[in-house]
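By convention in this document, chain letters (A, B, ...) are assigned in the order of the sequence lines, proteins followed by strands, and residues within each chain are numbered from 1. As the structure is a computational prediction, the values presented were derived from the model and not from experiment.
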2 protein chains.
Amino acid sequence: MSTKGAETRERIVDRAFRLATRDGLDGLSIGSLASEVGLSKSGLFAHFGSKEDLQVAVLRAAAERFEQVVIKQAFRAPRGLPRIRRLFENWCRWGSDPGVPGGCLFVAAAAELDDKEGRPRDYLSGVQIQLTETLAKSARLAIEAGHFRADVDCDQFAFEMFAIIFGYYHSKRLLRSPHADARAERAFERLVETSKA
Amino acid sequence: MSTKGAETRERIVDRAFRLATRDGLDGLSIGSLASEVGLSKSGLFAHFGSKEDLQVAVLRAAAERFEQVVIKQAFRAPRGLPRIRRLFENWCRWGSDPGVPGGCLFVAAAAELDDKEGRPRDYLSGVQIQLTETLAKSARLAIEAGHFRADVDCDQFAFEMFAIIFGYYHSKRLLRSPHADARAERAFERLVETSKA
DNA sequence: TTACAAATAGCACGATCGTTCGTATCTTAT
DNA sequence: ATAAGATACGAACGATCGTGCTATTTGTAA
(Lines give C-alpha, C1' and ligand atoms only; values in the text may rest on other atoms or scores of the structure.)
Protein backbone atom coordinates (compact mmCIF):
# COMPACT_ATOMS: atom_id res chain seq x y z
CA MET A 1 0.00 0.00 0.00
CA SER A 2 1.19 3.38 -1.22
CA THR A 3 4.95 3.06 -1.34
CA LYS A 4 5.40 5.62 -4.11
CA GLY A 5 4.55 8.60 -1.98
CA ALA A 6 6.77 7.50 0.83
CA GLU A 7 9.68 7.12 -1.57
CA THR A 8 9.51 10.62 -2.96
CA ARG A 9 8.89 11.99 0.48
CA GLU A 10 12.12 10.37 1.51
CA ARG A 11 13.92 11.87 -1.44
CA ILE A 12 12.59 15.28 -0.52
CA VAL A 13 13.55 15.04 3.12
CA ASP A 14 16.99 13.77 2.28
CA ARG A 15 17.72 16.71 0.02
CA ALA A 16 16.15 19.09 2.47
CA PHE A 17 18.36 17.71 5.19
CA ARG A 18 21.48 18.48 3.22
CA LEU A 19 20.25 21.92 2.27
CA ALA A 20 19.33 22.74 5.83
CA THR A 21 22.85 22.08 7.07
CA ARG A 22 23.94 24.93 4.82
CA ASP A 23 21.07 27.38 4.99
CA GLY A 24 19.32 26.51 8.21
CA LEU A 25 15.80 25.28 8.71
CA ASP A 26 14.32 28.67 8.05
CA GLY A 27 16.55 29.14 5.06
CA LEU A 28 14.90 26.15 3.45
CA SER A 29 12.62 27.30 0.67
CA ILE A 30 9.86 25.17 -0.74
CA GLY A 31 10.40 26.52 -4.22
CA SER A 32 14.10 25.91 -4.57
CA LEU A 33 13.84 22.59 -2.81
CA ALA A 34 11.14 21.53 -5.26
CA SER A 35 13.22 22.36 -8.29
CA GLU A 36 16.18 20.48 -6.82
CA VAL A 37 14.22 17.28 -6.43
CA GLY A 38 12.46 17.83 -9.75
CA LEU A 39 8.99 18.45 -8.44
CA SER A 40 6.58 21.31 -8.71
CA LYS A 41 6.26 23.57 -5.73
CA SER A 42 2.73 22.50 -4.99
CA GLY A 43 3.54 18.87 -5.65
CA LEU A 44 6.20 18.95 -3.03
CA PHE A 45 4.13 20.98 -0.65
CA ALA A 46 1.38 18.38 -0.73
CA HIS A 47 3.65 15.96 1.09
CA PHE A 48 3.71 18.23 4.11
CA GLY A 49 0.89 20.35 5.30
CA SER A 50 3.14 23.25 6.12
CA LYS A 51 6.73 24.38 6.15
CA GLU A 52 6.87 23.68 9.85
CA ASP A 53 5.95 20.09 9.15
CA LEU A 54 8.77 19.87 6.65
CA GLN A 55 11.19 21.22 9.20
CA VAL A 56 10.13 18.68 11.76
CA ALA A 57 10.43 15.94 9.17
CA VAL A 58 13.97 17.05 8.40
CA LEU A 59 14.89 17.08 12.07
CA ARG A 60 13.38 13.65 12.51
CA ALA A 61 15.36 12.29 9.57
CA ALA A 62 18.53 13.81 10.96
CA ALA A 63 17.86 12.27 14.35
CA GLU A 64 17.32 8.85 12.82
CA ARG A 65 20.49 9.07 10.82
CA PHE A 66 22.41 10.24 13.87
CA GLU A 67 21.02 7.39 15.90
CA GLN A 68 22.21 5.01 13.23
CA VAL A 69 25.70 6.18 12.38
CA VAL A 70 26.72 7.61 15.73
CA ILE A 71 24.85 5.90 18.54
CA LYS A 72 24.07 2.44 17.24
CA GLN A 73 27.50 2.06 15.72
CA ALA A 74 29.16 3.05 18.98
CA PHE A 75 27.03 0.65 20.96
CA ARG A 76 28.66 -2.22 19.18
CA ALA A 77 31.76 -1.42 21.21
CA PRO A 78 31.96 -2.91 24.69
CA ARG A 79 30.28 -0.82 27.33
CA GLY A 80 32.35 1.58 29.34
CA LEU A 81 35.26 3.62 28.10
CA PRO A 82 35.63 1.97 24.68
CA ARG A 83 32.03 2.75 23.88
CA ILE A 84 32.37 6.35 25.03
CA ARG A 85 35.46 6.75 22.89
CA ARG A 86 33.58 5.44 19.89
CA LEU A 87 30.73 7.79 20.58
CA PHE A 88 33.09 10.71 20.55
CA GLU A 89 34.85 9.66 17.37
CA ASN A 90 31.62 8.99 15.53
CA TRP A 91 30.18 12.26 16.71
CA CYS A 92 33.15 14.20 15.43
CA ARG A 93 33.02 12.44 12.12
CA TRP A 94 29.29 13.05 11.87
CA GLY A 95 29.82 16.76 11.38
CA SER A 96 32.62 16.36 8.89
CA ASP A 97 30.85 13.98 6.55
CA PRO A 98 31.37 15.01 2.95
CA GLY A 99 28.07 14.68 1.14
CA VAL A 100 26.64 16.69 3.99
CA PRO A 101 28.15 20.01 3.08
CA GLY A 102 27.10 22.15 5.99
CA GLY A 103 28.25 20.09 8.93
CA CYS A 104 26.03 19.16 11.81
CA LEU A 105 22.40 20.11 11.36
CA PHE A 106 21.77 20.01 15.09
CA VAL A 107 24.35 22.66 15.82
CA ALA A 108 22.88 24.95 13.20
CA ALA A 109 19.35 24.23 14.30
CA ALA A 110 20.15 24.66 17.97
CA ALA A 111 21.32 28.21 17.45
CA GLU A 112 18.47 28.92 15.10
CA LEU A 113 15.63 27.53 17.15
CA ASP A 114 16.59 28.36 20.68
CA ASP A 115 14.46 31.46 20.67
CA LYS A 116 11.59 30.38 18.47
CA GLU A 117 8.79 28.51 20.11
CA GLY A 118 7.10 25.81 18.09
CA ARG A 119 7.20 22.15 17.23
CA PRO A 120 10.61 22.21 15.57
CA ARG A 121 12.15 23.65 18.70
CA ASP A 122 10.32 21.20 20.93
CA TYR A 123 11.39 18.25 18.88
CA LEU A 124 15.01 19.32 18.69
CA SER A 125 15.36 20.05 22.38
CA GLY A 126 13.76 16.68 23.11
CA VAL A 127 16.29 14.91 20.96
CA GLN A 128 19.17 16.79 22.50
CA ILE A 129 18.03 16.12 26.04
CA GLN A 130 17.73 12.47 25.17
CA LEU A 131 21.24 12.53 23.74
CA THR A 132 22.52 14.10 26.92
CA GLU A 133 20.94 11.29 28.89
CA THR A 134 22.47 8.69 26.63
CA LEU A 135 25.88 10.18 27.30
CA ALA A 136 25.28 10.26 31.03
CA LYS A 137 24.12 6.68 30.98
CA SER A 138 27.21 5.63 29.08
CA ALA A 139 29.31 7.28 31.75
CA ARG A 140 27.39 5.38 34.38
CA LEU A 141 28.19 2.13 32.61
CA ALA A 142 31.82 3.15 32.61
CA ILE A 143 31.66 3.47 36.36
CA GLU A 144 30.08 0.05 36.64
CA ALA A 145 32.78 -1.38 34.41
CA GLY A 146 35.39 0.08 36.69
CA HIS A 147 36.79 2.40 34.05
CA PHE A 148 35.60 5.57 35.75
CA ARG A 149 35.77 6.51 39.40
CA ALA A 150 32.55 5.97 41.31
CA ASP A 151 32.24 9.64 42.24
CA VAL A 152 32.22 10.90 38.67
CA ASP A 153 29.26 13.19 38.04
CA CYS A 154 27.76 11.60 34.96
CA ASP A 155 25.54 14.48 33.99
CA GLN A 156 28.49 16.78 34.28
CA PHE A 157 30.46 14.40 32.10
CA ALA A 158 27.73 14.55 29.47
CA PHE A 159 27.69 18.33 29.59
CA GLU A 160 31.41 18.58 29.06
CA MET A 161 31.51 16.05 26.27
CA PHE A 162 28.75 17.97 24.56
CA ALA A 163 30.67 21.19 25.03
CA ILE A 164 33.81 19.79 23.45
CA ILE A 165 31.83 18.83 20.38
CA PHE A 166 30.48 22.34 20.06
CA GLY A 167 33.95 23.77 20.39
CA TYR A 168 35.18 21.33 17.81
CA TYR A 169 32.60 22.26 15.20
CA HIS A 170 33.10 25.95 15.81
CA SER A 171 36.84 25.71 15.50
CA LYS A 172 36.65 23.52 12.46
CA ARG A 173 33.87 25.11 10.48
CA LEU A 174 33.92 28.79 11.29
CA LEU A 175 37.53 29.35 12.24
CA ARG A 176 38.78 26.66 9.87
CA SER A 177 41.52 25.87 12.30
CA PRO A 178 43.81 23.08 11.14
CA HIS A 179 44.19 22.08 14.78
CA ALA A 180 40.51 21.57 15.50
CA ASP A 181 40.75 17.80 15.50
CA ALA A 182 43.80 17.72 17.74
CA ARG A 183 42.31 20.24 20.13
CA ALA A 184 39.06 18.35 20.45
CA GLU A 185 40.84 15.08 20.98
CA ARG A 186 43.07 16.53 23.65
CA ALA A 187 40.13 18.10 25.43
CA PHE A 188 38.35 14.77 25.36
CA GLU A 189 41.40 12.96 26.68
CA ARG A 190 41.66 15.41 29.53
CA LEU A 191 38.02 14.83 30.33
CA VAL A 192 38.50 11.08 30.29
CA GLU A 193 41.70 11.28 32.30
CA THR A 194 40.14 13.19 35.16
CA SER A 195 37.30 10.68 35.25
CA LYS A 196 39.37 7.52 35.25
CA ALA A 197 39.48 5.20 38.20
CA MET B 1 29.46 68.03 10.71
CA SER B 2 26.52 65.66 10.29
CA THR B 3 25.95 64.08 13.68
CA LYS B 4 22.27 63.44 13.02
CA GLY B 5 22.85 60.70 10.52
CA ALA B 6 25.29 58.91 12.78
CA GLU B 7 22.81 59.00 15.62
CA THR B 8 19.97 57.34 13.75
CA ARG B 9 22.41 54.90 12.25
CA GLU B 10 23.34 53.94 15.75
CA ARG B 11 19.71 53.56 16.73
CA ILE B 12 19.15 51.33 13.73
CA VAL B 13 22.14 49.13 14.40
CA ASP B 14 21.28 48.81 18.05
CA ARG B 15 17.80 47.57 17.29
CA ALA B 16 19.07 45.34 14.52
CA PHE B 17 21.55 43.84 16.94
CA ARG B 18 18.81 42.84 19.32
CA LEU B 19 16.63 41.51 16.53
CA ALA B 20 19.49 39.51 15.07
CA THR B 21 20.05 37.63 18.30
CA ARG B 22 16.54 36.28 17.89
CA ASP B 23 16.17 35.83 14.17
CA GLY B 24 19.70 35.61 12.93
CA LEU B 25 21.51 37.90 10.55
CA ASP B 26 19.66 36.57 7.55
CA GLY B 27 16.39 36.73 9.40
CA LEU B 28 16.83 40.47 9.69
CA SER B 29 14.43 42.20 7.36
CA ILE B 30 14.85 45.77 6.25
CA GLY B 31 11.12 46.36 6.26
CA SER B 32 10.28 45.20 9.75
CA LEU B 33 13.44 46.74 11.13
CA ALA B 34 12.45 50.08 9.58
CA SER B 35 9.01 50.07 11.13
CA GLU B 36 10.51 49.17 14.50
CA VAL B 37 12.78 52.19 14.52
CA GLY B 38 10.09 54.37 12.97
CA LEU B 39 11.68 54.94 9.61
CA SER B 40 10.64 54.23 6.08
CA LYS B 41 12.16 51.23 4.40
CA SER B 42 14.09 53.31 1.91
CA GLY B 43 15.07 55.84 4.55
CA LEU B 44 16.69 53.13 6.58
CA PHE B 45 18.20 51.44 3.58
CA ALA B 46 19.99 54.63 2.61
CA HIS B 47 22.19 54.29 5.67
CA PHE B 48 23.66 51.08 4.32
CA GLY B 49 24.32 50.30 0.72
CA SER B 50 23.10 46.75 1.08
CA LYS B 51 21.80 44.23 3.51
CA GLU B 52 25.24 42.72 3.74
CA ASP B 53 26.57 46.07 4.90
CA LEU B 54 23.91 46.17 7.56
CA GLN B 55 24.89 42.72 8.74
CA VAL B 56 28.53 43.68 9.01
CA ALA B 57 27.56 46.83 10.88
CA VAL B 58 25.58 44.75 13.34
CA LEU B 59 28.47 42.37 13.86
CA ARG B 60 30.82 45.28 14.35
CA ALA B 61 28.52 46.83 16.94
CA ALA B 62 28.26 43.51 18.75
CA ALA B 63 32.03 43.15 18.76
CA GLU B 64 32.48 46.62 20.20
CA ARG B 65 29.96 45.99 22.90
CA PHE B 66 31.55 42.66 23.72
CA GLU B 67 34.95 44.27 23.90
CA GLN B 68 33.53 46.79 26.33
CA VAL B 69 31.45 44.75 28.73
CA VAL B 70 33.38 41.48 28.63
CA ILE B 71 37.02 42.11 27.76
CA LYS B 72 37.75 45.62 29.00
CA GLN B 73 35.85 45.05 32.20
CA ALA B 74 37.77 41.85 32.88
CA PHE B 75 41.07 43.51 32.19
CA ARG B 76 40.54 45.69 35.22
CA ALA B 77 41.17 42.60 37.28
CA PRO B 78 44.80 41.74 38.03
CA ARG B 79 46.43 39.67 35.35
CA GLY B 80 46.52 35.93 35.71
CA LEU B 81 43.84 33.75 37.19
CA PRO B 82 41.63 36.55 38.59
CA ARG B 83 41.39 38.13 35.18
CA ILE B 84 40.59 34.83 33.52
CA ARG B 85 37.87 34.18 36.07
CA ARG B 86 36.39 37.56 35.36
CA LEU B 87 36.51 36.91 31.64
CA PHE B 88 34.56 33.74 32.11
CA GLU B 89 31.95 35.32 34.36
CA ASN B 90 31.45 38.29 32.08
CA TRP B 91 31.22 36.04 29.08
CA CYS B 92 28.52 33.92 30.67
CA ARG B 93 26.57 36.97 31.69
CA TRP B 94 26.93 38.44 28.22
CA GLY B 95 24.64 35.82 26.74
CA SER B 96 22.07 36.08 29.50
CA ASP B 97 21.64 39.82 29.39
CA PRO B 98 17.95 40.73 29.51
CA GLY B 99 17.34 43.47 27.01
CA VAL B 100 19.14 41.24 24.56
CA PRO B 101 16.44 38.66 24.15
CA GLY B 102 18.16 36.13 21.95
CA GLY B 103 21.33 35.48 23.85
CA CYS B 104 24.74 35.70 22.23
CA LEU B 105 24.73 37.01 18.70
CA PHE B 106 28.09 35.42 17.97
CA VAL B 107 26.85 31.94 18.72
CA ALA B 108 23.86 32.40 16.44
CA ALA B 109 25.96 34.02 13.75
CA ALA B 110 28.69 31.40 13.96
CA ALA B 111 26.30 28.60 13.13
CA GLU B 112 24.62 30.69 10.47
CA LEU B 113 27.66 31.97 8.67
CA ASP B 114 30.06 29.07 8.82
CA ASP B 115 29.05 27.90 5.38
CA LYS B 116 28.35 31.19 3.66
CA GLU B 117 31.27 33.00 2.18
CA GLY B 118 31.23 36.76 2.28
CA ARG B 119 32.20 39.77 4.33
CA PRO B 120 29.99 38.95 7.31
CA ARG B 121 31.61 35.57 7.65
CA ASP B 122 35.09 36.99 7.24
CA TYR B 123 34.50 39.65 9.84
CA LEU B 124 33.02 37.25 12.35
CA SER B 125 35.73 34.64 12.04
CA GLY B 126 38.31 37.39 12.40
CA VAL B 127 36.73 38.57 15.62
CA GLN B 128 36.51 35.06 16.98
CA ILE B 129 40.10 34.22 16.14
CA GLN B 130 41.17 37.40 17.85
CA LEU B 131 39.12 36.43 20.89
CA THR B 132 40.78 33.04 20.97
CA GLU B 133 44.14 34.75 20.95
CA THR B 134 43.11 37.03 23.77
CA LEU B 135 42.19 34.01 25.83
CA ALA B 136 45.45 32.27 25.05
CA LYS B 137 47.39 35.39 25.95
CA SER B 138 45.55 35.65 29.24
CA ALA B 139 46.55 32.09 29.99
CA ARG B 140 50.14 32.97 29.19
CA LEU B 141 50.00 35.81 31.68
CA ALA B 142 48.67 33.36 34.24
CA ILE B 143 51.75 31.25 33.70
CA GLU B 144 54.00 34.26 34.13
CA ALA B 145 52.14 35.17 37.30
CA GLY B 146 52.80 31.71 38.63
CA HIS B 147 49.12 30.77 38.74
CA PHE B 148 49.33 28.21 35.98
CA ARG B 149 51.95 25.55 35.38
CA ALA B 150 54.56 26.46 32.81
CA ASP B 151 53.69 23.53 30.58
CA VAL B 152 50.06 24.53 30.10
CA ASP B 153 49.11 24.63 26.44
CA CYS B 154 47.59 28.09 26.22
CA ASP B 155 45.90 27.62 22.87
CA GLN B 156 44.38 24.44 24.15
CA PHE B 157 43.21 26.32 27.21
CA ALA B 158 41.53 28.89 24.98
CA PHE B 159 39.85 26.18 22.96
CA GLU B 160 38.43 24.51 26.03
CA MET B 161 37.24 27.70 27.61
CA PHE B 162 35.50 28.56 24.37
CA ALA B 163 33.93 25.13 24.28
CA ILE B 164 32.53 25.46 27.79
CA ILE B 165 30.84 28.70 26.81
CA PHE B 166 29.20 27.02 23.84
CA GLY B 167 28.01 24.19 26.01
CA TYR B 168 26.70 26.68 28.49
CA TYR B 169 24.63 28.61 25.99
CA HIS B 170 23.29 25.44 24.45
CA SER B 171 22.27 24.01 27.78
CA LYS B 172 20.78 27.24 28.95
CA ARG B 173 18.98 28.50 25.89
CA LEU B 174 17.91 25.44 23.95
CA LEU B 175 17.61 22.83 26.67
CA ARG B 176 16.61 25.38 29.28
CA SER B 177 18.40 23.34 31.86
CA PRO B 178 18.21 24.84 35.34
CA HIS B 179 21.69 23.44 35.95
CA ALA B 180 23.40 25.18 33.06
CA ASP B 181 25.14 27.75 35.23
CA ALA B 182 26.37 25.17 37.72
CA ARG B 183 27.56 22.83 34.97
CA ALA B 184 29.47 25.55 33.18
CA GLU B 185 31.05 26.74 36.37
CA ARG B 186 32.12 23.25 37.34
CA ALA B 187 33.58 22.61 33.92
CA PHE B 188 35.50 25.83 34.14
CA GLU B 189 36.78 24.98 37.60
CA ARG B 190 37.99 21.63 36.36
CA LEU B 191 39.78 23.35 33.50
CA VAL B 192 41.42 25.79 35.88
CA GLU B 193 42.29 23.09 38.38
CA THR B 194 44.17 20.97 35.87
CA SER B 195 46.08 24.06 34.78
CA LYS B 196 47.12 25.31 38.18
CA ALA B 197 50.71 25.37 39.30
C1' DT C 1 17.44 84.30 5.44
C1' DT C 2 19.17 81.98 1.88
C1' DA C 3 21.64 78.24 -0.34
C1' DC C 4 23.41 73.86 -0.10
C1' DA C 5 23.81 69.29 1.64
C1' DA C 6 22.22 65.55 4.34
C1' DA C 7 18.47 62.69 5.71
C1' DT C 8 14.18 60.64 4.93
C1' DA C 9 9.94 59.49 2.43
C1' DG C 10 7.24 57.63 -1.44
C1' DC C 11 6.69 54.66 -4.98
C1' DA C 12 7.67 51.01 -7.86
C1' DC C 13 10.39 47.08 -9.58
C1' DG C 14 11.01 42.09 -10.17
C1' DA C 15 11.58 38.15 -7.41
C1' DT C 16 10.34 34.89 -4.17
C1' DC C 17 7.94 33.51 -0.16
C1' DG C 18 4.30 29.92 1.89
C1' DT C 19 -0.13 28.46 0.81
C1' DT C 20 -4.66 27.22 -1.55
C1' DC C 21 -7.43 25.18 -5.08
C1' DG C 22 -9.05 22.81 -8.99
C1' DT C 23 -7.58 19.53 -12.18
C1' DA C 24 -5.00 16.11 -14.36
C1' DT C 25 -2.20 12.02 -14.25
C1' DC C 26 -0.57 8.13 -12.52
C1' DT C 27 -0.84 3.52 -8.95
C1' DT C 28 -2.97 0.16 -7.10
C1' DA C 29 -6.56 -3.11 -5.67
C1' DT C 30 -10.50 -5.26 -7.10
C1' DA D 1 -10.27 -3.39 -17.18
C1' DT D 2 -12.14 -0.29 -14.20
C1' DA D 3 -13.08 2.37 -10.26
C1' DA D 4 -10.93 4.68 -6.41
C1' DG D 5 -7.50 6.89 -4.36
C1' DA D 6 -2.95 8.60 -4.23
C1' DT D 7 0.24 11.79 -6.29
C1' DA D 8 1.58 15.66 -8.92
C1' DC D 9 0.86 19.90 -11.69
C1' DG D 10 -0.36 24.78 -12.96
C1' DA D 11 -1.96 28.93 -11.88
C1' DA D 12 -2.82 32.25 -8.76
C1' DC D 13 -3.14 34.51 -4.11
C1' DG D 14 -1.48 38.17 -0.94
C1' DA D 15 2.59 39.23 1.39
C1' DT D 16 7.18 40.41 1.82
C1' DC D 17 11.77 40.48 0.26
C1' DG D 18 16.03 43.67 -1.16
C1' DT D 19 16.91 47.40 -4.00
C1' DG D 20 16.65 51.20 -7.11
C1' DC D 21 14.93 55.86 -8.35
C1' DT D 22 12.99 60.65 -7.53
C1' DA D 23 11.00 63.99 -4.41
C1' DT D 24 10.62 66.17 -0.29
C1' DT D 25 11.75 67.31 4.09
C1' DT D 26 15.14 68.51 7.44
C1' DG D 27 19.37 70.34 9.35
C1' DT D 28 23.45 73.32 8.86
C1' DA D 29 26.57 76.94 7.49
C1' DA D 30 27.12 81.39 5.19
> Given atom CD of B:E7 and atom C1' of C:dT8, what is their separation to the nearest angstrom?
Replying inline: 15 Å
> CZ of A:F45 versus P of C:dT19: gap in Å, rounded?
Replying inline: 4 Å
>> OP1 or OP2 of D:dA6 versus the side-chain N and O atoms of A:H47: is any pair under 4.0 Å?
In response: no
> Can you tell me if the side-chain N/O atoms of B:T8 get under 4.0 Å from OP1 or OP2 in C:dT8?
Replying inline: yes
> OP1 or OP2 of D:dT16 sitting under 4.0 Å from any side-chain N/O of B:S32?
Replying inline: no
>> Base, sugar-phosphate or nothing for A:L54? Non-hydrogen atoms, less than 4.0 Å.
In response: nothing
> Roughly how many Å is it from CD1 in A:I30 to P in C:dT19, rounded to a whole number?
Replying inline: 6 Å
> Taking NZ from B:K51 and P from D:dG18, how many angstroms apart are they, rounded to a whole number?
Replying inline: 4 Å
> Whole-Å distance between D:dA8 P and A:R9 CZ?
Replying inline: 12 Å
> What integer distance in Å separates B:D53:CG from D:dG18:C1'?
Replying inline: 13 Å
> With a distance cut-off below 6.0 Å to the six-membered ring centre and an angular limit of 45° from the axis, does B:R183 pair with B:Y168 as a cation-pi contact?
Replying inline: no
>> Parallel, tilted or perpendicular, judged at 30° and 60°: which one describes the rings of A:F166 and B:H170?
In response: tilted
> When all nucleic acid strands are considered with a 4.0 Å heavy-atom cut-off, which category describes A:L33: base, sugar-phosphate, or nothing?
Replying inline: nothing
>> Measure NZ/A:K4 against P/C:dT27 and give the value in whole Å, please.
In response: 5 Å
> Side-chain donor or acceptor of B:K41 under 3.5 Å from a matching atom on the base of D:dG18?
Replying inline: yes
>> So if I take every side-chain heavy atom of B:S42 and compare against C:dT28, D:dC21, C:dT8, which nucleotide ends up nearest?
In response: D:dC21
> Quick one: which of C:dA9, D:dG10, D:dT19 gets closest to the side chain of B:L39?
Replying inline: C:dA9
> Per the atom types in the model, does the base of C:dG10 pair as donor or acceptor with the side chain of B:S40 at under 3.5 Å?
Replying inline: no
> For the pair made of CG in A:D26 and P in C:dG18, what is the distance, rounded to whole Å?
Replying inline: 9 Å
>> With a 4.0 Å cutoff (strictly under), does any side-chain N or O of A:S29 reach OP1 or OP2 of C:dC17?
In response: yes
>> Please identify which of these residues, B:W91, B:F88, B:F188, B:F157, meets the ring-ring contact (aromatic ring centres under 6.0 Å, His included) condition with B:F162.
In response: B:W91
> Between A:F106 and A:W94, how do the two ring planes meet: parallel, tilted or perpendicular, split at 30° and 60°?
Replying inline: parallel
>> Main chain of A:G80, side chain of A:H147: is a donor-acceptor contact present, judged purely on distance under 3.5 Å?
In response: no
>> Within the 4.0 Å heavy-atom criterion, would you say A:A46 contacts the bases, only the backbone, or no part of the nucleic acid?
In response: nothing
